*Asks:* 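Below is the structure I would like to discuss, written out as structure tokens.
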Amino acid sequence: MRACFVVHGAFWSGATRAFAEAASLLASRGYETCFVAPAGSEAERRLGAAGHDVIGMAERGGWLRAGWRLRGVVARRLSEVLFVHSDREHLTAAAAIRFAGRGAVVRRTSAGERLSLGRDGRLAMRLAGTGFVFTHADDMRGMTPPRGALAAHIAPPGVPVPVDLVTSVAGAVGTPRPPAHPTAVGAITSEGPRLVVCIGADRRREALVTLRALALLAPRIPALRATVVLPAADTDAMRLEAAALGVAERLDWRASAGPAGDTLDQAALAWVIANADDAAYAVLDALSHGVPVLGERTPLTARFVEDGVSGVLRHRGDEAEWASVVAALLAQPERAAAMRAAARGAAARFPLEAGADSWLQVTEAARDRTRWTA
């Protein structure tokens, strides 16, 4: 039982994290897993640091050349299933399978997105049998499976959740207990309130609105500080904008696709400005640490955050509106404490193991040799 996850993006992302967690789930059930990622990339380094078997591969050339290089991995590792996200990854994997004469593809659609098969994807469907994974029933609603498609399954994203909290939520017995140390769940510390701002890829305009909102908050809350978590490629540009607005000294920077646990431990609020998997994991990480979430109201964020209970969701506004919302939340400690407890309860509904069965089922379906010919 062998599965290979194909990653074309050089930077760490929510989509790559989803594959990393899926690989861990499959490995815990006896599968041999590996990754193919751009050689020398951040994605390759972080996957390797997490203990995954990673094969660095050059990105040069078109899909035929990339498919031929990937064929070598399929042949050496005897891979039976190749997991992909994008049209180009799909086509490269399908070409590798056709060259190797073995295997099938499983294509995952990121959280909150709909499957869109472009020209590359349609060609890939003709080259190799393909199964599909979605994160929510709404994402696959109205989808007509392409001709020759294997089964489609739903594997929601999740986060590690303490057993006692899962039991409490499952049994609906009272309110989940807060941790023993309240400062570890987003309490305002002696240093003053701290925000964690999670910015995803391609959200620069929204990020600038956030920096301007922080500039408006600065004279009203002198002790306010923020940790900004954003893709490494955007860090320098955002630092310059923060300096121009006069808030650079209030900000700490983390180049990543999601907040680390130590970043969230002292946060009063997590402001999430992201799409798709980046948004899903940023929200879930915050909730699991008992940090209320502030963000734009979308079908995706509404899956995880109950407005006014575990966070605050607003339709897109300007910097003055966002600053007003943040100031109001920080000025109401009792409401913030209730939100922290509710956030942990919300996270318990999305445990890491929730998608395990679906990953196993779609992998087993793709391993069916009678379906390997598209």
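Position 1 is the first residue of the sequence; numbering continues from there. As the structure is a prediction and not an experimental result, all values here were calculated from the model.
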*Asks:* Measure the CG-CZ distance between Leu245 and Arg212 for me, rounded to the nearest 0.5 Å.
*Replies:* 7.5 Å
*Asks:* I'd like to check the side-chain hydrogen bond (donor to acceptor under 3.5 Å, both in side chains) partners of Glu364; sequence neighbours left out, ordered by chain and number.
*Replies:* Tyr31, Arg367
*Asks:* Identify the residue among Ile273, Thr210, Asp278 that makes a side chain to side chain contact (heavy atoms under 4.5 Å, CB included) with Arg203.
*Replies:* Ile273
*Asks:* Taking NZ, NE, NH1 and NH2 as the nitrogens, is one of them in Arg204 or Asp234 under 4.0 Å from a carboxylate oxygen of the other?
*Replies:* no
*Asks:* Inspect the contact between Arg17 and Asp285 and indicate whether a charged nitrogen and a carboxylate oxygen are less than 4.0 angstrom apart.
*Replies:* yes
*Asks:* Would you mind checking if Asp307 and Arg297 are paired as a salt bridge, meaning a charged N to carboxylate O distance below 4.0 Å?
*Replies:* yes
*Asks:* Classify the ring geometry of Phe99 against Trp68: parallel below 30°, tilted from 30° to 60°, perpendicular beyond 60°.
*Replies:* perpendicular
*Asks:* Starting at CD1 of Ile221, measure out to CZ of Arg250 and round the result to the nearest 0.5 Å.
*Replies:* 9.0 Å
*Asks:* Who pairs with Ala276 by side-chain contact (heavy atoms from CB on, under 4.5 Å), at least two apart in sequence or on another chain?
*Replies:* Ser110, Glu113
*Asks:* Yes or no on side-chain contact (heavy atoms from CB on, under 4.5 Å) for Leu26 and Phe5, after CA distance, side-chain angles and deciding distance?
*Replies:* CA-CA 11 Å; Leu26 291 177; Phe5 294 80; 3.9 Å; yes
*Asks:* Inspect the contact between Asp277 and Arg108 and indicate whether a charged nitrogen and a carboxylate oxygen are less than 4.0 angstrom apart.
*Replies:* yes
*Asks:* Does any non-hydrogen side-chain atom of Leu294 lie less than 4.5 Å from one of Trp322?
*Replies:* yes
*Asks:* Looking at CZ of Arg254 and SG of Cys198, how far apart are the two atoms once the value is rounded to the nearest 0.5 Å?
*Replies:* 11.0 Å
*Asks:* Any chance CD of Glu334 has more than 12 other-residue heavy atoms, nucleotides or ligands included, within less than 6.0 Å?
*Replies:* no
*Asks:* Using 4.0 Å as the upper bound for N to carboxylate O, is an ion pair formed by Arg2 and Glu80?
*Replies:* no
*Asks:* Rounded to the nearest 0.5 Å, how far does CE of Met339 lie from CG of Leu287?
*Replies:* 11.5 Å
*Asks:* Hey, can you tell me if Phe35 and His52 have their rings parallel, tilted or perpendicular (30° and 60° cut-offs)?
*Replies:* perpendicular
*Asks:* Would Val291 and Val196 count as a side-chain contact (heavy atoms from CB on, under 4.5 Å) if you check the C-alpha gap in whole Å, the side-chain angles of each, and the deciding distance to 0.1 Å?
*Replies:* CA-CA 9 Å; Val291 181; Val196 172; over 6 Å; no
*Asks:* Salt bridge between Asp265 and Arg194, side-chain N to carboxylate O under 4.0 Å?
*Replies:* no
*Asks:* Charged N to carboxylate O under 4.0 angstrom, Arg119 versus Asp87?
*Replies:* no
